[in-house]
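We count ligands from 1, going down the list as the structure has it; atoms in each ligand are counted the same way.
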Amino acid sequence: MQIKGHTFLVTGGLGGLGSDCSRMLCELGANVAVADVAPGDQGRAKLQEQFKDTKDANVDYYTLDVTDEAQAQAVVEAIIKRFGSIHGLVHCAGVALRRQWTTKLSDGVAAFRKTLDINVTGTYIMGAAVADAINARAPEERANAGSLWSTKEERGVIINFSSVAGHEPTARVVGYGPSKTAVLGLTRSFADFLAPSGIRVNSVSPGLIATPILGTHAGWYQKDLEANGGFPKAPAQPKHISMAVQQLIENEFINGEDVKITGGWRLVSTVFPGQEDPRASAPGIE
Ligand SMILES: NC(=O)c1ccc[n+]([C@@H]2O[C@H](COP(=O)([O-])OP(=O)(O)OC[C@H]3O[C@@H](n4cnc5c(N)ncnc54)[C@H](O)[C@@H]3O)[C@@H](O)[C@H]2O)c1
């Protein structure tokens, strides 16, 4: 799908990766609806700061909790009112809820529930809100065709955010990892469901990028990357993720896929003889 002139919603758009995806879309001439949990004034102030060097940015801010279906639908309606239409979703919003390491799995149930709500149900809700709005654009065509409506026109695109941890959930990511595996599953089932409507659905799986989601533990992850990374053995920059997002939006033949952007980094949980047990030095479980 061409980016220029089309309208995209970026959730988690004030975060490290969301803000860079918004910048990329704006620079390529899109209308960008940036959504995040910050209240309106705060969000708009951050957005102004983010786009102070971007000429003619066609961008607006929306307060949104992705777990709230009514809010999601209201934001999508507001975007259509503001920009005339909606063509895509870049769904960056996500959390990694970190807690101290304990040997009891039941200590993590509350965090797991919340993680699933935001990372998984939020992905379903946002994909549904945007896809339903795109589908509502051709009511006459659909009404004439009955329930088996399908089109050859490319009408929309959705990019979800999984993670290297979703491909290889290990002990340290016992909650976050499976939530990102579920994002891979949702991406494929949504791609299948939405294919007749001309809406493609793909995901990206970042490895390590220094953004606020890492909290104060960036140094620990960096060490893990140096031990278990491929090439380059360094954190990626947000632009490496937005470059992949751009390709997934523009290349109409990529559908139902996930792109890992990890530099070959593998999450390993094996303890080798003579080596420190990774649990001893891990900053916590997610
Ligand atoms: N940074 C990394 O190393 C990395 C690695 C793998 C995957 N990811 C994934 O990439 C995505 C973006 O992460 P990031 O690095 O930009 O992190 P970030 O913490 O900088 O940004 C995440 C954004 O999501 C927002 N958010 C959280 N809960 C929300 C909710 N309920 N409703 C709406 N917005 C909500 C936050 O306010 C924040 O702005 C996430 O899904 C994350 O899991 C990041």
*Residue pair Trp149 / Asn135, side-chain heavy-atom distance below 4.5 Å*: yes
*Parallel, tilted or perpendicular: ring planes of His6 versus His87, cut at 30 and 60 degrees*: tilted
*Step-by-step side-chain contact (heavy atoms from CB on, under 4.5 Å) determination, Asn58 to Arg82*: CA-CA 11 Å; Asn58 224 347; Arg82 162 79 168 80; 4.2 Å; yes
*Check the pair Ser203 / Leu184 against side-chain contact (heavy atoms from CB on, under 4.5 Å), numbers first and verdict last.*
CA-CA 7 Å; Ser203 59; Leu184 296 173; 3.8 Å; yes
*Quick one: which ligand 1 atoms are inside 4.0 Å of a heavy atom on Gly15?*
16 (O), 20 (O), 21 (O), 39 (O)
*Quick one: look up the protein heavy atom nearest atom 8 (N) of ligand 1 and list residue, atom name and how far away it is.*
Tyr176 OH, 3.6 Å
*So which protein heavy atom does atom 11 (C) of ligand 1 come closest to, and at what separation?*
Cys92 O, 3.0 Å
*What residue and heavy atom of the protein are closest to atom 3 (O) of ligand 1, and at what distance?*
Ile209 N, 2.9 Å
Donor-acceptor pairs are to be reported for all side-chain atoms of residues 174-181 against protein atoms at under 3.5 Å, with residues two or more places apart or in another chain.
residue: Ser179; atom: OG; partner: Asn119; partner atom: ND2; Å: 3.1
residue: Ser179; atom: OG; partner: Tyr176; partner atom: O; Å: 2.7
residue: Lys180; atom: NZ; partner: Phe161; partner atom: O; Å: 2.8
residue: Thr181; atom: OG1; partner: Gly166; partner atom: O; Å: 2.7
residue: Thr181; atom: OG1; partner: Gly177; partner atom: O; Å: 3.1

*Ignoring hydrogens and angles, tell me if any N or O in the side chain of Tyr61 forms a donor-acceptor pair with the backbone of Asp36 under 3.5 Å.*
yes
*Going by heavy-atom distance to atom 18 (P) of ligand 1, choose the closest among Gly43, Ala96, Gly16.*
Gly16
_Distance filter under 4.0 Å to Val95 heavy atoms, resulting ligand 1 atoms_ = 27 (C), 28 (N)
*asked:* I need the atoms of ligand 1 closer than 4.0 Å to a non-hydrogen atom of Pro212, numbered in the order shown.
replied: 20 (O)
_ligand 1 contact by Ser162, heavy-atom criterion under 4.0 angstrom_ = yes
*Look at atom 31 (N) of ligand 1 and say which protein heavy atom is nearest, naming residue and atom and giving the distance to 0.1 Å.*
Asp65 OD1, 3.0 Å
*Under 4.0 Å between a Lys/Arg side-chain N and an Asp/Glu carboxylate O for Arg23 and Asp20?*
yes
_Heavy-atom side-chain contact between Met24 and Ile3 under 4.5 Å_ = yes
*Given Met126 and Leu64, is the side-chain contact (heavy atoms from CB on, under 4.5 Å) satisfied, shown in steps?*
CA-CA 10 Å; Met126 292 316 305; Leu64 169 68; 3.7 Å; yes
*Nearest to atom 23 (C) of ligand 1, what protein heavy atom do you find, and at what distance?*
Gly12 CA, 3.7 Å
*Touching ligand 1 at all, Ala38? Heavy atoms, strictly under 4.0 Å?*
no
*Thr211 heavy atoms, cut-off 4.0 Å: which ligand 1 atoms fall inside?*
1 (N), 14 (P), 15 (O), 17 (O), 20 (O)
*Identify the two heavy atoms, one from Gly12 and one from Ala93, that lie closest to each other, and give their separation to 0.1 Å.*
N-CB, 3.7 Å
*Can you tell which of Ile261, Ile118, Thr262, Val66 gets a heavy atom nearest to atom 32 (N) of ligand 1?*
Val66
*Going by the atom numbers of ligand 1, which of them fall below 4.0 Å from some non-hydrogen atom of Gly207?*
3 (O), 5 (C), 6 (C)
*Looking at side-chain heavy atoms only, is the closest gap between Asp258 and His167 below 4.5 Å?*
yes
*How far is atom 38 (C) of ligand 1 from its nearest protein heavy atom, and which residue and atom name does that atom have?*
Asp36 OD2, 3.7 Å
*At what distance is the nearest protein heavy atom to atom 41 (O) of ligand 1, and which residue and atom is it?*
Lys180 NZ, 2.9 Å
*Nearest non-hydrogen protein atom, atom 17 (O) of ligand 1*: Ile213 CB, 3.3 Å
*asked:* At under 4.0 Å between heavy atoms, is it the side chain or the backbone of Thr11 that contacts ligand 1, or both, or neither?
replied: neither
*Flag yes if more than 12 heavy atoms outside Gln48 fall under 6.0 Å of its CD atom; otherwise flag no.*
no
*For Leu208, counting its heavy atoms only, list the atoms of ligand 1 lying under 4.0 Å from any of them.*
3 (O)
*State plainly whether the residues Glu49 and Lys52 are in salt-bridge range, i.e. N to O under 4.0 Å.*
yes
*Which ligand 1 atoms are under 4.0 Å away from a heavy-atom of Leu64?*
32 (N), 33 (C)
*List every atom of ligand 1 that sits less than 4.0 Å from any heavy atom of Val37, numbering the atoms from 1 in the order shown and giving each element.*
29 (C), 30 (C), 32 (N), 33 (C), 34 (N), 35 (C), 37 (O)
*ligand 1-proximal atoms of Ala165, by part, heavy-atom distance under 4.0 Å*: neither
